[in-house]
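Worksheet: one structure, shown below.
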Amino acid sequence: RFSHSGGRWEERKITYRVLNAPPELNYDVVREAIRRAFNVWQTFIPRDFVEVASGQADIMMKFGEYHHGDPYPFDGPSGTLAHAFGPFGYGDPIEGDVHFDDSETFSVRTFDDINLFLVAAHEIGHSLGLGHSQDSTALMAPFYSGYQPNFELPYDDILGIQTLYG
Ligand SMILES: O=C1CC=C(NS(=O)(=O)c2ccc(-c3ccccc3)cc2)CC1=O
Ligand SMILES: [Ca+2]
Ligand SMILES: [Zn+2]
Ligand SMILES: [Zn+2]
């Protein structure tokens with residue numbers, strides 16, 4: 001019971017760049033979690049996600065708090081964890097970009113903090129053009145459902161991404 005927000009990436013190769021890391025995580029650990037989040041989607045669509053270390057990428061990913069350079073300031077600890085911009089097609093450079101709220105404590109391992117991999121995978125879904133799903137078990141559900149080990153992309157999300165890019 002997926003939804004689409006409008007637009008999709010037409011190019012086969014989609015570049016992304018991790019601009020920074022939060023204080024609590026090592027930059028390479030962040031890159032690794034984000035790489036895994038892209039792989040979740042890449043398995044099911046004819047697109048290649050390529051990381052670039054400099055210059056302008058299709059999907060720019062950064063950590064910021066409160067006002068961080070767009071008209072959507074973050075809200076401090078809890079509340080919104082992150083947001084992403086869909087591929088609307090206007091050619092606006094912010095399309096596809098993902099911002100994480102630096103006021104949150106992200107983790108890549110423990111179960112208590114916010115799992116960076118899972119939030120990144122959800123936001124990348126938006127960057128690719130998916131909206132929220134009514135299926136509460138879907139990755140694209142509107143609410144963070146906590147980390148589960150050896151994550152598998154739920155069926156509703158596979159259907160959603162394949163109807164958009166299949
Ligand atoms: O569309 C929106 C606008 C509001 C959001 N709220 S959030 O940052 O607290 C958030 C909520 C749920 C998730 C999530 C949902 C399912 C699996 C993993 C993460 C991620 C971020 C995040 C979001 O993606
Ligand atoms: Ca917040
Ligand atoms: Zn932002
Ligand atoms: Zn969302």
Side-chain angles (χ1 to χ4, degrees), residues 1-9 16-25 29-30 32-44 49 56-88 90 92-161 164:
R1 309 214 299 275
F2 53 86
S3 67
H4 296 152
S5 60
R8 68 172 204 166
W9 298 93
Y16 73 93
R17 185 175 163 200
V18 181
L19 286 164
N20 60 358
E24 72 271 16
L25 288 176
V29 165
V30 169
E32 159 59 27
I34 287 175
R35 177 71 257 174
R36 284 192 297 121
F38 274 106
N39 290 344
V40 161
W41 297 105
Q42 184 167 284
T43 320
F44 298 100
F49 297 115
Q56 187 66 27
D58 294 319
I59 298 177
M60 300 288 265
M61 309 179 88
K62 71 177 183 181
F63 291 78
E65 53 182 10
Y66 300 106
H67 288 278
H68 56 275
D70 63 24
Y72 311 97
F74 282 128
D75 51 5
S78 83
T80 299
L81 312 172
H83 55 221
F85 301 86
F88 311 120
Y90 312 133
D92 185 328
I94 204 161
E95 286 170 16
D97 291 6
V98 177
H99 301 154
F100 299 94
D101 187 350
D102 218 347
S103 300
E104 310 301 338
T105 306
F106 289 98
S107 94
V108 290
R109 188 181 348 271
T110 56
F111 296 77
D112 47 1
D113 289 330
I114 306 293
N115 186 264
L116 177 62
F117 158 74
L118 211 54
V119 173
H122 176 92
E123 298 308 329
I124 290 165
H126 288 311
S127 300
L128 295 177
L130 288 180
H132 283 149
S133 167
Q134 276 77 32
D135 180 339
S136 62
T137 65
L139 173 62
M140 296 313 296
F143 303 101
Y144 179 69
S145 55
Y147 181 69
Q148 65 268 17
N150 44 60
F151 174 81
E152 297 268 322
L153 190 62
Y155 186 60
D156 186 71
D157 303 291
I158 297 174
L159 276 180
I161 201 70
L164 196 55

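Everything numeric in this text was worked out from a predicted model, so none of it was measured. Both ligands and their constituent atoms are indexed starting at 1 by order of listing.
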Point to revise | Minimum non-hydrogen distance to atom 18 (C) of ligand 1, winning option of Leu118, Leu130, Asn115 | key: Leu118

Review point. Closest to the Ca ion (ligand 2), which N/O/S atom of Asp101 is it?
Key: OD2

Point to revise | Closest non-hydrogen atom pair between Ile94 and Phe85, with its separation | key: O-CB, 3.3 Å

Exercise for review: Keeping the roles fixed (side chain from Asp157, backbone from Ala138), state whether a donor-acceptor pair exists under 3.5 Å.
Suggested key: no

Check your understanding: Evaluating non-hydrogen atoms only, which member of Ile114, Asp157, Leu81 is closest to atom 7 (S) of ligand 1?
Key -> Leu81

Study note, to complete from the structure: Rounded to the nearest 0.5 Å, the CZ atom of Arg17 sits from the CD1 atom of Ile34 at a distance of 12.5 Å

Exercise for review: Determine whether the side chains of Ser103 and Glu65 contain a donor N or O and an acceptor N or O closer than 3.5 Å.
Suggested key: yes

Exercise for review: Mind checking the OG-CG spacing from Ser107 to Leu116? Nearest 0.5 Å is all I need.
Suggested key: 8.5 Å

Check your understanding: Has the side chain of Glu104 got a donor or acceptor atom that lies under 3.5 Å from a matching backbone atom of Asp101?
Key -> no

Review point. Hey, does the side chain of Arg8 reach the backbone of Leu164 with a donor-acceptor pair shorter than 3.5 angstrom?
Key: yes

Exercise for review: Provide, to 0.1 Å, the distance between atom 22 (C) of ligand 1 and the closest protein heavy atom, together with that atom's residue and name.
Suggested key: Ala82 O, 3.3 Å

Exercise for review: Identify, by atom number and element, the atoms of ligand 1 in contact range of Glu123, meaning under 4.0 Å from any of its heavy atoms.
Suggested key: 20 (C), 21 (C), 22 (C), 23 (C), 24 (O)

Review point. How does His83 reach ligand 1, by side chain, by backbone, by both or by neither, if only non-hydrogen atoms under 4.0 Å count?
Key: neither

Point to revise | Sub-4.0 Å heavy-atom contact, Gly79 with ligand 1 | key: yes

Point to revise | Atoms of ligand 1 close to Leu139 [distance to a heavy atom under 4.0 angstrom, numbered from 1] | key: 15 (C), 16 (C), 17 (C)

Check your understanding: Under 3.5 Å, side chain of His126 to main-chain N/O of Gly86, donor-acceptor pair present?
Key -> no

**Study point:** Distance (rounded to the nearest 0.5 Å) between Asp75 CG and Tyr66 OH
**Key:** 7.5 Å

Study note, to complete from the structure: Residues Val30 and Asn20: closest non-hydrogen pair is CG1-O, 4.4 Å

Study note, to complete from the structure: To the Ca ion (ligand 2), the closest N, O or S atom belonging to Glu104 is OE2

Point to revise | Within-cutoff protein neighbour (heavy atom, under 4.0 Å) for atom 3 (C) of ligand 1 | key: no

Exercise for review: Give the ring-plane orientation class for Phe74 versus His68, where under 30° counts as parallel, over 60° as perpendicular and anything between as tilted.
Suggested key: parallel

Exercise for review: Taking Ser133 for its side chain and Ala141 for its backbone only, find out whether a donor-acceptor pair lies under 3.5 Å.
Suggested key: no

Review point. Within less than 3.0 Å of the Ca ion (ligand 2), any N, O or S from Ser103?
Key: no

Review point. Can an N or O of Thr80 be found at a distance shorter than 3.5 Å from an N or O of ligand 1?
Key: no

Exercise for review: Return yes if some donor-acceptor pair links the side-chain N/O of Trp9 with the main-chain N/O of Gly129 below 3.5 Å, else return no.
Suggested key: no

Check your understanding: Taking the minimum heavy-atom distance to atom 20 (C) of ligand 1, which of His122, Met140, His99, His126 ranks first?
Key -> His122

Practice item. Would you give the angle at the Ca ion (ligand 2) between Gly76 atom O and Asp75 atom OD1, to the nearest 10°? Key: 80°

Review point. Which atoms of ligand 1 have any heavy atom of Pro142 under 4.0 Å away?
Key: 11 (C), 12 (C)

Review point. Near Ala141, which atoms of ligand 1 are under 4.0 Å from a heavy atom of that residue?
Key: 15 (C), 16 (C)

Exercise for review: For the Zn ion (ligand 3), report each protein N, O or S atom nearer than 2.8 Å, sorted by chain and then by residue number.
Suggested key: His68 NE2, Asp70 OD2, His83 NE2, His99 ND1

Point to revise | Non-hydrogen atoms of Asn115 and Arg109 that approach each other most closely | key: ND2-N, 4.5 Å

